[in-house]
Enquirer: 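What follows is a structure written as structure tokens; I'll ask about it next.
Excluded from the calculations below are hydrogen atoms, water molecules and symmetry mates; all remaining heavy atoms, backbone and side chain alike, are included.
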Amino acid sequence: MGLFDAFRDVGVLAWLREGRQSRRLILLIVFIALLLDNMLLTVVVPIIPSYLYTVDDEASTAARNHSVSSHHPSGTFQTIVSLYDNSTRLTNLSPQFSTPTVPPTTTVTPAPNASNCPKADGQLLNENVKVGLLFASKATVQLLTNPFIGPLTNRIGYQIPMFAGFCIMFLSTIMFAFSSSYTLLFLARSLQGVGSSCSSVAGMGMLASVYTDDEERGNAIGIALGGLAMGVLVGPPFGSVMYEFVGKTAPFLILAVLAVLDGALQLFVLQPSKVEPESQKGTSLITLMKDPYILIAAGSICFANMAIAMLEPALPIWMMETMCARKWQLGVAFLPASISYLIGTNIFAVLANKMGRWLCSMIGMLLVGVSILCVPFAKDIYGLILPNFGVGFAIGMVDSSMMPIMGYLVDLRHVSVYGSVYAIADVAFCMGFAFGPSAGGAIARSIGFPWLMTIIGVVDILFAPLCFFLRNPPANEEKMAILMDSNCSMRTRSYSTQGSSYQMGDDMDPDSPE
């Protein structure tokens with residue numbers, strides 16, 4: 001009881017009880033969950049290509065050595081080298097009657113790669129496909145899981161799926177730490193997709209439900225995306241440096257410890273044992289997917305993130321082949337994109353609402369396309385700084401604009417229940433990270449890395465004008481009647497994508513994120 005009294009005396013339990021009603025603390029939990037999820041997502045980017053290449057290279061070398069040793073004669077056949085025609089003949093002399101032979105003159109040829117660069121051969125090119133499929137497995141599983149998680153949150157609430165996501169992510173992290181085969185790594189990456197689906201859908205839905213004001217919601221989602229950005233920022237350099245100087249296991253064990261701390265916070269604050277269904281039935285997933293405005297917003301998220309998804313497996317291999325990059329450089333190359341994504345999400349979480357989220361997204365899509373086209377022109381790691389910075393900044397513009405618009409469109413055109421619409425947003429995100437690495441690896445192997453960048457860059461530029469249709473989306477007739485009814489006792493809001501003004505009821509919580 002002494003420890004319990006100590007906690008009670010310092011007010012920890014009271015703080016936790018208040019935290020269950022605190023929007024800021026819920027925002028913190030979602031921030032940490034997205035941070036750890038995306039650290040695990042990106043920490044493997046510099047580790048897996050190099051690790052798999054090393055494993056495969058050692059296996060092929062061992063196989064060649066075994067093949068050579070198996071050809072050495074163990075019986076009575078002896079090798080005779082002719083000094084006249086340099087041909088080799090076998091004689092069936094027994095060892096005791098064999099005659100001395102002149103040893104052949106051997107010429108030592110230098111290895112084709114005197115440096116530490118990996119061989120630019122079929123083995124390295126094959127890694128594009130293997131790495132691409134492994135990276136895409138997480139997003140593919142997440143893509144298949146999201147349609148179930150969204151409606152599930154409407155029935156049982158956001159707390160239980162959020163905590164389940166933590167448990168699955170922890171198991172996936174431990175598997176990454178101790179797996180040494182491609183099959184187990186593939187399984188760990190796929191399992192991560194299930195946990196990520198639970199965390200991201202439940203987390204975004206929870207934020208949208210507690211931040212009902214459109215401008216506040218945009219700010220809160222921008223802060224939460226800052227957690228995603230921090231994970232993307234820290235993951236690659238953290239993974240590459242730890243892998244270079246400590247080994248493969250260490251970075252994943254550190255992530256597992258951090259995940260346990262996040263799980264403890266969720267356990268005390270969210271109380272995931274309670275079932276808290278939504279008070280009203282939400283719009284069906286099929287109906288939301290038929291909404292053309294939601295599809296345009298989802299398409300922006302998908303194609304913008306597909307650019308970085310194609311870079312993740314292909315860029316390290318291209319750097320190994322053309323730049324002789326060391327292990328730590330494979331992750332550091334993504335640092336400009338990570339920093340600029342963090343900057344972009346924080347700036348445009350506020351600015352996008354003022355300038356128009358449709359315009360912010362359209363400019364972001366164009367900038368993604370132009371930046372990705374410039375990546376193949378880099379001759380060394382320093383040449384990648386500016387293009388990667390542009391890619392990350394532009395994706396930050398798109399994500400910080402489109403995520404709030406998804407909730408805004410549901411409020412404007414459907415029932416204000418958010419689990420399903422953020423399942424669609426997460427599906428769009430996952431489609432980019434599922435199709436991007438898998439198709440990108442195959443394309444890079446077939447026609448080369450520069451053509452891969454050209455294709456995705458042109459796709460982003462061509463999609464950008466569609467964001468214009470989100471400038472002033474029409475409201476559902478029934479929704480409009482409710483919003484225009486001044487005698488209605490529920491909260492009323494007037495919406496505009498250029499800016500927002502509201503008439504709020506007395507029950508609206510004035511608390512806002514800081």
Side-chain angles (χ1 to χ4, degrees), residues 34 37-38 41 136 138-140 142-143 146-147 149-150 193 196-197 199-201 203-205 207-208 217-218 221-222 224-229 231-232 285 288-289 291-312 337 341 344-345 348-349 352 357-369 371-372 391-410 418-437 456-457 459-470 473 497:
L34 292 178
D37 180 17
N38 286 276
L41 174 72
K138 180 261 184 187
T140 303
Q142 190 172 348
L143 182 67
N146 280 335
I149 300 299
S196 182
S197 176
S199 298
S200 56
V201 173
M204 286 297 179
L207 289 181
R217 179 185 298 158
I221 290 178
L225 289 176
L228 186 153
V232 173
L285 191 68
L288 293 176
M289 292 182 67
D291 190 322
Y293 299 97
I294 290 179
L295 290 180
I296 292 174
S300 299
I301 297 172
C302 175
F303 289 116
N305 285 279
M306 191 180 294
I308 194 69
M310 286 186 170
L311 270 181
E312 285 185 353
Y341 184 86
T345 52
F348 290 98
R357 292 189 176 118
W358 68 273
L359 181 60
C360 181
S361 179
M362 185 168 67
I363 295 174
M365 293 291 289
L366 291 172
L367 184 56
V368 170
S371 299
I372 211 75
V391 170
F393 188 80
I395 296 176
M397 294 177 67
V398 175
D399 286 353
S400 60
S401 303
M402 291 296 101
M403 285 296 185
I405 274 187
M406 299 295 274
Y408 161 78
L409 290 172
V410 167
Y418 306 100
S420 294
V421 75
Y422 281 106
I424 294 175
D426 206 44
V427 163
F429 184 85
C430 294
M431 285 184 66
F433 276 88
F435 181 80
I456 185 59
V459 168
D460 282 332
I461 292 173
L462 293 179
F463 189 89
L466 293 179
C467 296
F468 179 80
F469 291 101
L470 297 175
T497 54

Enquirer: How many angstroms lie between CD1 in Ile405 and CZ in Arg357, if you round to the nearest 0.5 Å?
Expert: 6.5 Å

Enquirer: Is there a side-chain contact between Leu41 and Asn38 (heavy atoms, below 4.5 Å)?
Expert: yes

Enquirer: Going by side chain to side chain donor-acceptor pair (under 3.5 Å), name the pairs with one or both residues in residues 294-309, residues two or more places apart or in two chains.
Expert: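 Qualifying pairs: Asn305-Asp399.
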
Enquirer: If I take atom CD1 from residue Ile363 and atom CH2 from residue Trp358, how far apart are they, to the nearest 0.5 angstrom?
Expert: 8.0 Å

Enquirer: A side-chain contact here means heavy atoms from C-beta on lying under 4.5 Å apart; do Met362 and Leu470 qualify?
Expert: no

Enquirer: Would you mind reporting whether Met397 and Val368 have side-chain heavy atoms less than 4.5 Å apart?
Expert: no

Enquirer: Can you name the closest pair of heavy atoms from Ala304 and Val398 and give their distance?
Expert: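 For Ala304 versus Val398, the nearest heavy atoms are CB-CG1, 3.9 Å.
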
Enquirer: Compare all side-chain heavy atoms of Ile395 with those of Ile308 and state whether any distance is below 4.5 angstrom.
Expert: yes

Enquirer: If I compare all heavy atoms of Met431 with all of Met306, which pair ends up nearest, and what's the gap?
Expert: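 Distance-wise, the nearest heavy atoms are O-CE, 4.3 Å.
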
Enquirer: List in chain and number order the residues that pass side-chain contact (heavy atoms from CB on, under 4.5 Å) with Thr345, two or more places apart in sequence or in another chain; answer none if no residue qualifies.
Expert: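 So Thr345 forms a side-chain contact (heavy atoms from CB on, under 4.5 Å) with Leu225, Ala229, Tyr341.
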
Enquirer: If the condition is side chain to side chain donor-acceptor pair (under 3.5 Å), which residues does Ser196 pass it with, not counting sequence neighbours?
Expert: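 By the side chain to side chain donor-acceptor pair (under 3.5 Å) rule, Ser196 matches Asp37, Lys138, Gln142.
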
Enquirer: Between Ile372 and Leu311, is there a side-chain heavy-atom distance shorter than 4.5 Å?
Expert: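 Contact flag for Leu311/Ile372 side chains = yes.
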
Enquirer: What residues, two or more places apart in sequence or in another chain, satisfy side-chain contact (heavy atoms from CB on, under 4.5 Å) together with Ala425?
Expert: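 With sequence neighbours excluded, Ala425 shows a side-chain contact (heavy atoms from CB on, under 4.5 Å) to Ile301, Met403, Met406, Tyr422, given in chain and number order.
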
Enquirer: Looking at every non-hydrogen atom in both residues, tell me the closest pair between Ala307 and Asp460 and how far apart they are.
Expert: CB-OD2, 3.8 Å

Enquirer: With sequence neighbours excluded, what pairs up with Phe469 under the ring pair (Phe, Tyr, Trp, His ring centres under 6.0 Å) test?
Expert: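 By the ring pair (Phe, Tyr, Trp, His ring centres under 6.0 Å) rule, Phe469 matches no residue at all.
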
Enquirer: Show the nearest heavy-atom pair for residues Pro473 and Tyr408, with the distance to one decimal.
Expert: CG-CE2, 3.9 Å

Enquirer: For the residue pair Phe393 and Phe348, categorise the inter-ring angle as parallel (less than 30°), tilted (30 to 60°) or perpendicular (more than 60°).
Expert: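 Aromatic pair Phe393/Phe348 classed perpendicular.
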
Enquirer: Is the number of heavy atoms from other residues, nucleotides or ligands within 6.0 Å of CZ (Phe435) greater than 12?
Expert: no

Enquirer: Of the non-hydrogen atoms in Ser400 and Gly344, which two are nearest, and what is the gap between them?
Expert: OG-O, 4.1 Å

Enquirer: For Leu285, give me all partners under side-chain contact (heavy atoms from CB on, under 4.5 Å), at least two apart in sequence or on another chain.
Expert: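 Scan of Leu285 (side-chain contact (heavy atoms from CB on, under 4.5 Å), adjacent residues dropped) gives Pro147, Met289, Ser420, Ile424.
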
Enquirer: To the closest 0.5 Å, what do you measure between CD1 (Ile296) and CG (Leu466)?
Expert: 5.5 Å

Enquirer: Give, for atom CD1 of Ile149 and atom OG of Ser200, the distance between the pair rounded to the nearest 0.5 Å.
Expert: 9.0 Å

Enquirer: For residues Ser361 and Met402, report the shortest heavy-atom separation together with the two atoms involved.
Expert: CB-CE, 3.4 Å

